[in-house]
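Below: the structure, in structure tokens.
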4 protein chains.
Amino acid sequence: MSNEDKVPEFDPKGPELLYAALADHIAARIAVGELQPNMRLAPERELAEEYGVAYLTVRRAMKELRERGLIVTVHGKGTFIAEQPPGDGGP
Amino acid sequence: MSNEDKVPEFDPKGPELLYAALADHIAARIAVGELQPNMRLAPERELAEEYGVAYLTVRRAMKELRERGLIVTVHGKGTFIAEQPPGDGGP
Amino acid sequence: MSNEDKVPEFDPKGPELLYAALADHIAARIAVGELQPNMRLAPERELAEEYGVAYLTVRRAMKELRERGLIVTVHGKGTFIAEQPPGDGGP
Amino acid sequence: MSNEDKVPEFDPKGPELLYAALADHIAARIAVGELQPNMRLAPERELAEEYGVAYLTVRRAMKELRERGLIVTVHGKGTFIAEQPPGDGGP
DNA sequence: GTGGTCTAGACCACG
DNA sequence: GTGGTCTAGACCACA
């Protein structure tokens, strides 16, 4: 945890749903430390353009990350990387 | 009417719009007698801070209450609790 | 009615509120036939840019026009010029 | 013109009107180069506190400076030091 | 990808 | 020193 590896480009090909792939990609950027706690994420519309996906796809990915506790969003202000909780230890 | 019950803290969670929730909360404070006719309400900017919302949100709530006839606002002086009309009696 | 005169540029100078001036300008474009019934108006954000005003100012102007019955807006689809009611005939 | 002298503290004592004294003080800060073209002036309410004067006094001083062409104010954004025109050369 | 609400903070009008 | 309008730009609900 908290390694400084690089996250590969976002290039979804697998059977995974697009919004899930996007959520995973951002989650990876957080895990790797590229996105640090309390940083503000780019606005949702900007993310949509950067990733070349529809706005709604970004919204779904954000919802996913919110539910995983990785981000916190404040209406009208932006969405921020959460203080990362101790990883659940995984499988 | 004019009971002296307490109004619970402002803690919007429901699906209600924030400004509407705020308007309702203040309306409740009036209904319960915490805010009496002719009293001056705190300045809008102060309300915004107290309630932890943006100024515009307070403005919208005030507009709502004005339309309901619960308050009267005078430009440059402040906003005041209106002489309460006979409640519509409800169901 | 339904003349094809031209509406002058939007250039608010008077004491009128900006959003009211904007509403009037669009109302004039409708009156003159430049904007025909059932046409879709440009998106609100685009109007904001075109007119060089803030988004909220456009929103307020739209609200005004909606209340005057000149436009109809559908959430998620756009705002459309209404079937014009018989003008009140004026003086 | 465009000297780099220092402007003395604001300490009105003379018969001059307070808002005029304030305007002159700010004009001096511009003349001396302490306030450069295109810089944003502190918000009016902040200036009122800093100078220890009423808000209205600041507003009047701003009006004065606007009419002298020393500042440009944009509603909702702030007030900015104007590109200084060639001094009128006055005696 | 639209309309709708919210945040933050500026200048304006009025008493 | 209050209420009122405006700027700028964020997230939200809907089709």
Side-chain angles (χ1 to χ4, degrees), chain A residues 40-49 54-59 62-63 66 71 73-80, chain B residues 12 15-22 40-49 52-63 66 71-80, chain C residues 12 15-22 40-49 52-60 62-63 66 71-80, chain D residues 40-49 54-59 62-63 66 71-80:
Chain A
R40 202 184 72 178
L41 219 52
E44 295 173 337
R45 281 180 161 84
E46 218 170 281
L47 287 174
E49 259 197 273
Y55 178 60
L56 183 58
T57 302
V58 172
R59 294 275 304 147
M62 293 297 106
K63 183 162 186 257
R66 213 146 38 222
I71 61 175
T73 104
V74 183
H75 190 164
K77 291 190 70 173
T79 100
F80 304 83
Chain B
E16 201 180 14
L17 296 181
L18 188 51
Y19 79 88
L22 176 51
R40 202 184 72 179
L41 218 52
E44 296 176 335
R45 282 166 178 86
E46 217 169 283
L47 288 173
E49 257 197 278
V53 300
Y55 178 60
L56 178 58
T57 302
V58 171
R59 298 266 311 137
R60 281 179 174 165
M62 294 296 105
K63 185 165 187 248
R66 214 144 39 220
I71 61 175
V72 174
T73 105
V74 183
H75 189 165
K77 293 195 67 174
T79 100
F80 303 84
Chain C
E16 200 180 13
L17 296 181
L18 188 52
Y19 78 88
L22 176 51
R40 203 184 72 178
L41 218 52
E44 294 176 336
R45 282 165 179 87
E46 217 170 282
L47 287 173
E49 256 196 278
V53 300
Y55 178 61
L56 179 58
T57 303
V58 172
R59 299 266 311 137
R60 279 179 174 165
M62 294 296 106
K63 185 164 186 249
R66 216 146 36 223
I71 61 175
V72 174
T73 105
V74 183
H75 188 165
K77 291 195 67 173
T79 101
F80 304 83
Chain D
R40 201 182 74 179
L41 219 53
E44 295 173 336
R45 281 180 162 84
E46 218 171 279
L47 287 173
E49 259 197 271
Y55 178 60
L56 183 59
T57 303
V58 172
R59 296 273 305 146
M62 294 297 107
K63 183 160 185 260
R66 213 148 35 223
I71 62 176
V72 174
T73 105
V74 183
H75 189 163
K77 291 190 69 172
T79 101
F80 303 83

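Numbers restart at 1 for each chain; the letters A, B, ... are given by sequence-line order, proteins then strands.
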- request: Round to a whole Å and report the spacing from CG of C:L18 to C1' of E:dA10.
  value: 15 Å
Polar atoms only, N or O, under 3.5 Å: list the protein pairs with nucleotides 1-4 of chain F and their distances.
unit_1, atom_1, unit_2, atom_2, d
F:dG1, N2, B:G76, O, 3.2
F:dT2, O4, D:R45, NH2, 2.9
F:dG3, OP2, B:E44, N, 2.9
F:dG3, N7, B:R45, NH1, 3.1
F:dG3, O6, D:R45, NH2, 3.1
F:dG3, N2, B:H75, NE2, 3.3
F:dG3, N3, B:H75, NE2, 3.3
F:dG4, OP1, B:T73, OG1, 3.4
F:dG4, OP2, B:R59, NH1, 2.4
F:dG4, N7, B:Y55, OH, 2.8
F:dG4, O6, B:R45, NH2, 2.3

message: So, does C:T57 get its side chain near the phosphate of F:dT5, meaning an N or O under 4.0 Å from OP1 or OP2?
response: no
query: Residues in side chain to side chain contact (heavy atoms under 4.5 Å, CB included) with B:V74, at least two apart?
result: B:K77, B:F80
Qualifying residues under side-chain hydrogen bond (donor to acceptor under 3.5 Å, both in side chains), relative to B:R60, sequence neighbours excluded: none
task: Can you sort out the partners of C:E49 under side chain to side chain contact (heavy atoms under 4.5 Å, CB included), two or more places apart, ordered by chain and number?
output: none
- request: Evaluate the side-chain contact (heavy atoms from CB on, under 4.5 Å) criterion for residues C:M62 and C:L41: first the C-alpha distance (whole Å), next the side-chain angles of each, then the deciding distance (0.1 Å), finally the verdict.
  value: CA-CA 10 Å; C:M62 294 296 106; C:L41 218 52; 3.9 Å; yes
- prompt: In whole Å, what is the span from the CZ atom of C:R60 to the C1' atom of F:dT7?
  reply: 11 Å
message: Reading 5' to 3' and counting Watson-Crick or G-U wobble pairs with both distances under 3.5 Å, write the dot-bracket notation for DNA chain E, | for bases paired outside the strand.
response: ||||||||||||||.
- prompt: Rounded to the nearest 0.5 Å, what separation is found between the CD1 atom of A:I71 and the OG1 atom of A:T79?
  reply: 4.5 Å
- prompt: Got a sec, which residues hit side chain to side chain contact (heavy atoms under 4.5 Å, CB included) with A:R45, two or more places apart in sequence or on another chain?
  reply: A:Y55, C:R45
query: Residues two or more places apart in sequence or in another chain: which of them pass side-chain hydrogen bond (donor to acceptor under 3.5 Å, both in side chains) with D:R59?
result: D:E44
- prompt: Residues in side chain to side chain contact (heavy atoms under 4.5 Å, CB included) with C:A20, at least two apart?
  reply: C:E16, C:L17
message: Rounding to an integer number of Å, can you tell me how far D:I71 CD1 sits from E:dA10 P?
response: 16 Å
